[in-house]
**Q** 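Following this message is one structure expressed as C-alpha cells.
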Amino acid sequence: QVRLVESGGGLVQAGGSLTLSCTASGSIFSINVMGWYRQAPGKQRELVADITSGGSTNYADSVKGRFTISRDNAKHTVYLQLNNLKPEDTAVYYCNTPEIIYYNAYDLRHDRDLEVWGQGTLVTVSS
C-alpha cells in the first residue's frame, strides 16, 4: 500500500510564510504528477498547484507569484512554499497524485493506486 503524508501546516499572520511537505511512502516505482489542493470552510476543494516528474508546474491564478511548488523525485516528496499569505488562504491543504505505480511484494508485480490523497494539513492565516 502507498500513502501520502503531509506536514508543515500551522497558524501564521498575514504576510507570513509556511512550507508544506508531502511524502509518498511504500514501494514506490513512479509518480508522474503530484499536487496540492485546498478546501476552505464551506467551499469546494480546489487545485492550488501541481508539478510533473519533469518539473512542469501549474498554479491557480489566486496563488501565482506567491506560492511555489517543487519536488524531490528521489524522495518522492513534493513541497509547497507559501509566501505573502492572506486570510483567504486559510484552508486544509491536501496532497494528491492521480496515479502511483508501486511494487506489490505480495503478488510480485507492479500495481497502481489512483487518486491518492493525504490526510490534510491545516493552514490558518490571521489578519
Side-chain angles (χ1 to χ4, degrees):
Q1 292 293 338
V2 294
R3 295 175 60 206
L4 296 177
V5 179
E6 302 107 333
S7 62
L11 173 63
V12 64
Q13 288 188 330
S17 298
L18 283 174
T19 302
L20 308 183
S21 300
C22 169
T23 298
S25 63
S27 299
I28 308 296
F29 180 73
S30 71
I31 307 174
N32 184 15
V33 178
M34 299 186 79
W36 290 94
Y37 286 72
R38 67 185 180 185
Q39 187 166 19
K43 294 188 176 182
Q44 289 188 328
R45 192 172 297 189
E46 62 176 359
L47 175 68
V48 176
D50 60 27
I51 183 169
T52 68
S53 57
S56 296
T57 59
N58 175 47
Y59 293 94
D61 288 342
S62 59
V63 306
K64 283 181 181 177
R66 299 189 299 121
F67 293 5
T68 302
I69 191 169
S70 60
R71 65 189 283 177
D72 184 330
N73 290 329
K75 295 181 179 179
H76 305 303
T77 297
V78 62
Y79 307 95
L80 187 67
Q81 177 67 38
L82 297 75
N83 295 328
N84 190 21
L85 281 159
K86 303 176 181 180
E88 52 264 42
D89 295 318
T90 295
V92 178
Y93 284 71
Y94 296 91
C95 182
N96 166 270
T97 178
E99 179 184 62
I100 293 179
I101 299 174
Y102 64 98
Y103 182 69
N104 184 330
Y106 181 79
D107 294 326
L108 303 179
R109 68 183 188 193
H110 286 100
D111 276 339
R112 61 178 185 162
D113 275 355
L114 302 178
E115 288 304 326
V116 183
W117 292 91
Q119 82 284 358
T121 186
L122 177 62
V123 172
T124 303
V125 184
S126 63
S127 57

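Bear in mind the structure is a predicted one, so any value in this text is a computation, not a measurement.
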**Q** Identify, with sequence neighbours excluded, every residue that meets side-chain hydrogen bond (donor to acceptor under 3.5 Å, both in side chains) alongside N104.
**A** D107, D111
**Q** Side chains of Y79 and D72: closer than 4.5 Å at any heavy-atom pair?
**A** yes
**Q** Is there a side chain to side chain contact (heavy atoms under 4.5 Å, CB included) between F67 and L85 once you walk through the steps?
**A** CA-CA 9 Å; F67 293 5; L85 281 159; 3.8 Å; yes
**Q** Would a single hydrophobic cluster contain both V92 and W117, if residues Ile, Leu, Val, Met, Phe, Trp and Tyr are joined by side-chain heavy-atom contacts under 4.5 Å?
**A** yes
**Q** If you measure from CD1 on I28 to CG on N73, what distance do you get to the nearest 0.5 Å?
**A** 12.0 Å
**Q** Given the rule in the side chain to side chain contact (heavy atoms under 4.5 Å, CB included) test, do V123 and L20 qualify, once you have shown the distances and angles that lead to the verdict?
**A** CA-CA 9 Å; V123 172; L20 308 183; 4.1 Å; yes
**Q** Do C95 and W36 have side chains that approach each other closer than 4.5 Å (heavy atoms only, starting at C-beta)?
**A** yes
**Q** Distance from T90 atom OG1 to L11 atom CG, nearest 0.5 Å?
**A** 8.5 Å
**Q** Check whether more than 12 heavy atoms from other residues, nucleotides or ligands sit under 6.0 Å from atom CD of Q44, and answer yes or no.
**A** no
**Q** Determine the minimum heavy-atom distance between A49 and Y59, stating which atoms define it.
**A** CB-CD2, 3.5 Å
**Q** When you check the side-chain N and O atoms of Q81 and T19, is any donor under 3.5 Å from an acceptor?
**A** yes
**Q** For the residue pair N32 / T52, report whether a side-chain donor-acceptor contact shorter than 3.5 Å exists.
**A** no
**Q** Considering non-hydrogen atoms only, spot the tightest contact between V63 and V48 and give its length.
**A** CG2-O, 3.6 Å
**Q** Hey, what do you get for CG (N58) to OG (S56), rounding to the nearest 0.5 Å?
**A** 10.0 Å
**Q** Tell me yes or no: between the side chains of T23 and T77, is some donor less than 3.5 Å from an acceptor?
**A** yes
**Q** Starting at CE of M34, measure out to CG of N96 and round the result to the nearest 0.5 Å.
**A** 9.0 Å
**Q** Considering all heavy atoms of both residues, which atom of A24 and which atom of I31 are nearest to each other, and what is their separation?
**A** CB-CD1, 3.7 Å
**Q** Less than 4.5 Å apart, any side-chain heavy atom of Y93 and any of E6?
**A** no
**Q** Quick one: closest heavy-atom pair of V5 and R3, and the distance?
**A** CG2-NH2, 3.8 Å
**Q** Testing the basics here: between I69 and T57, what is the closest heavy-atom pair and its distance to 0.1 Å?
**A** CG2-CG2, 3.7 Å
**Q** Once rounded to the nearest 0.5 Å, what's the spacing between atom CG of L82 and atom OG of S17?
**A** 8.0 Å
**Q** Tell me, please, which residues at least two apart from E46 pass side-chain hydrogen bond (donor to acceptor under 3.5 Å, both in side chains).
**A** R38
**Q** Give the intermediate values and the outcome of salt bridge (Lys or Arg N to Asp or Glu O under 4.0 Å) for residues D61 and K64.
**A** CA-CA 5 Å; D61 288 342; K64 283 181 181 177; 3.1 Å; yes
**Q** Do the side chains of Y37 and L18 join up, straight or via other hydrophobic residues, at under 4.5 Å, putting them in one cluster?
**A** no
**Q** Tell me whether Y94 shares a hydrophobic cluster with L47, the cluster being built from Ile, Leu, Val, Met, Phe, Trp, Tyr side chains joined at under 4.5 Å.
**A** yes
**Q** Output all residues satisfying side-chain hydrogen bond (donor to acceptor under 3.5 Å, both in side chains) with R112, sequence neighbours left out; order by chain, then residue number.
**A** E99
**Q** What distance do I100 atom CD1 and H76 atom NE2 have between them, rounded to the nearest 0.5 Å?
**A** 9.0 Å
**Q** To check you understand the geometry: which heavy-atom pair defines the closest contact between A14 and S127, and what is its length?
**A** CB-CA, 4.3 Å
